Amino acid sequence: MTAKDKGNDCGNHGKGRRRLVRTITGCLLLFLVVVLVTILIIWAVLRPTKPRFTLQDTTVYGFNASVPNFLTSNFQVTVSSRNPNDRIGVYYDRLVLYATYRNQQVTLRTSLPPTYQGHNENSVWSPFVYGNSVPIAPDSSVVLKSEQASGSVFMVIKIDGRVRWKVGTFVSGRYRLNVRCPAYITFGSRSTGVSVGENAVKYQLVTRCSVSV
């Protein structure tokens, strides 16, 4: 075999390898496209419904707004969540719960444990939230004292975090979760709470929460 023939043979081998690589790459890309299209079709057919949250009750261990422009509070809240989907699971990641008054955060954030929720399953959390001498806006302080004197204070229990959807073995990316639960705390003669211990009052609320994902 001459040097020229050897060169042609090496060139043919090189072309063959490049052709093989292109073929394998094309097959892999086609496979990925098919998988992605299949996932999108399944996703569109199943259409995940956002979870439903309910504020079950609130136990007030301390609520002191006697110092102007400051609030000290201590609550235990019970919040339940239901996954209404028949074929989709929900991962709850990095959830935090806190209380607000007139759009101002008045307690520290309490972390909730990460949870997986299967089809049509329920989850319940009962964390404590508290704030010690939390500064509040002067106008909010005036309104708060007025509401407390009248016997009813409106607060909002909030949950922020991330969720992921699970369809079969596929798990989606993270989506932002925001939950808002209205809570009316009553005092004095208008109190609807039940004493559950020394200086603790439990309010059965069973309030539907607004949920955005």
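What you see is a predicted model; the values in this text were computed from it and never measured.
Of all heavy-atom pairs between Pro138 and Asn69, the closest is CA-OD1, 3.2 Å. Nearest heavy-atom pair across Gly89 and Asn83 is CA-ND2, 3.9 Å. Counting all heavy atoms, side chain and backbone alike, Ala99 lies closest to Thr107 at N-OG1, 2.9 Å. Considering all non-hydrogen atoms of both residues, Gln105 and Tyr98 come closest at CG-CD1, 3.7 Å. The heavy-atom pair separating Val179 from Cys209 by the smallest distance is CG1-CB, 3.7 Å. Residues Arg102 and Ser140 approach most closely at NE-OG, 3.2 Å, considering heavy atoms.
Taking the six-membered ring where the residue is Trp, Tyr92 and Trp125 present perpendicular rings, their angle passing 60° and hence far from 30°.
No side-chain donor-acceptor contact under 3.5 Å links Glu121 to the backbone of Ser81. Without hydrogens or angle criteria, Lys50 side chain to Val211 main chain gives a donor-acceptor distance under 3.5 Å. With hydrogens and angles ignored, the 3.5 Å screen pairs no side-chain donor or acceptor of Ser141 with any backbone N or O of Ile136. Looking at Asn85, its side chain does come within 3.5 Å of a backbone N or O of Thr49 through a donor-acceptor pair.
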Verdict with reasoning, Val201 to Val196, per side chain to side chain contact (heavy atoms under 4.5 Å, CB included)
CA-CA 6 Å; Val201 180; Val196 292; over 6 Å; no
Could you go through Gln56 and Val124, starting from their C-alpha distance and side-chain angles, then the distance that decides it, and tell me whether this counts as side chain to side chain contact (heavy atoms under 4.5 Å, CB included)?
CA-CA 9 Å; Gln56 302 286 354; Val124 179; 5.8 Å; no
May I have the step-by-step check of side chain to side chain contact (heavy atoms under 4.5 Å, CB included) for Val171 and Tyr91, ending in yes or no?
CA-CA 9 Å; Val171 179; Tyr91 284 101; 4.2 Å; yes
Audit row: Tyr101, Glu147, side chain to side chain donor-acceptor pair (under 3.5 Å) steps and yes/no:
CA-CA 12 Å; Tyr101 177 74; Glu147 288 184 352; 3.1 Å; yes
Any chance you could lay out the side chain to side chain contact (heavy atoms under 4.5 Å, CB included) test for Leu55 and Val206, step after step, and finish with the verdict?
CA-CA 5 Å; Leu55 178 61; Val206 193; over 6 Å; no
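Hydrophobic clustering keeps Val156 apart from Val134 (ILVMFWY residues linked when any side-chain heavy atoms are closer than 4.5 Å, directly or through intermediates). The hydrophobic clustering, which links ILVMFWY residues whose side-chain heavy atoms are closer than 4.5 Å, places Phe70 and Leu144 apart. Linking ILVMFWY residues whenever their side-chain heavy atoms come closer than 4.5 Å, directly or via other members, places Tyr175 and Val167 in the same cluster.
Taking the side chain as every heavy atom from C-beta outward, Gln148 and Phe63 approach each other to under 4.5 Å. Using a 4.5 Å heavy-atom cutoff, the side chains of Tyr116 and Lys166 are in contact. Looking at Thr207 and Cys181, their side chains never come closer than 4.5 Å, going by heavy atoms from C-beta outward. A heavy-atom distance below 4.5 Å is not found between the side chains of Arg180 and Ile157. Residues Ser172 and Phe170 meet the side-chain proximity criterion, which asks for heavy atoms closer than 4.5 Å. Asp93 has its side chain within reach of Arg164: a pair of non-hydrogen atoms, C-beta onward, lies under 4.5 Å apart. Side-chain contact between Gln76 and Tyr130 is absent, with no heavy atoms from C-beta onward closer than 4.5 Å. When side chains are defined from C-beta on, Phe53 counts as touching Ile159, because their heavy atoms get closer than 4.5 Å.
The distance from the OG1 atom of Thr78 to the CG atom of Asp57 is 3.5 Å, given to the nearest 0.5 Å. With rounding to the nearest 0.5 angstrom, the NZ atom of Lys145 is 14.5 Å from the OG atom of Ser150. Once rounded to the nearest 0.5 Å, the distance linking OG1 of Thr23 with CG of Leu28 reads 11.0 Å. Atom OG1 of Thr59 is separated from atom CG of Asn74 by 10.0 Å, given to the nearest 0.5 angstrom. The distance from atom CG of Leu30 to atom OG1 of Thr25, rounded to the nearest 0.5 Å, is 12.5 Å. In this structure, OH on Tyr203 lies 4.5 Å from OG1 on Thr186, to the nearest 0.5 angstrom.
Of the options Val90, Leu177, Asn178, a side chain to side chain contact (heavy atoms under 4.5 Å, CB included) to Val213 is made by Leu177 and by none of the others. For the side chain to side chain contact (heavy atoms under 4.5 Å, CB included) criterion with Thr110, the lone passing option out of Val96, Val129, Val77 is Val129.
Scanning for salt bridge (charged side-chain N to carboxylate O under 4.0 Å, His left out) contacts around Arg82 gives an empty result, with sequence neighbours left out.
Residue Tyr61 qualifies as enclosed at atom OH: its count of foreign heavy atoms under 6.0 Å is above 12. Counting heavy-atom neighbours within 6.0 Å of Asn103 CG, excluding the residue itself, gives a total of 12 or less.
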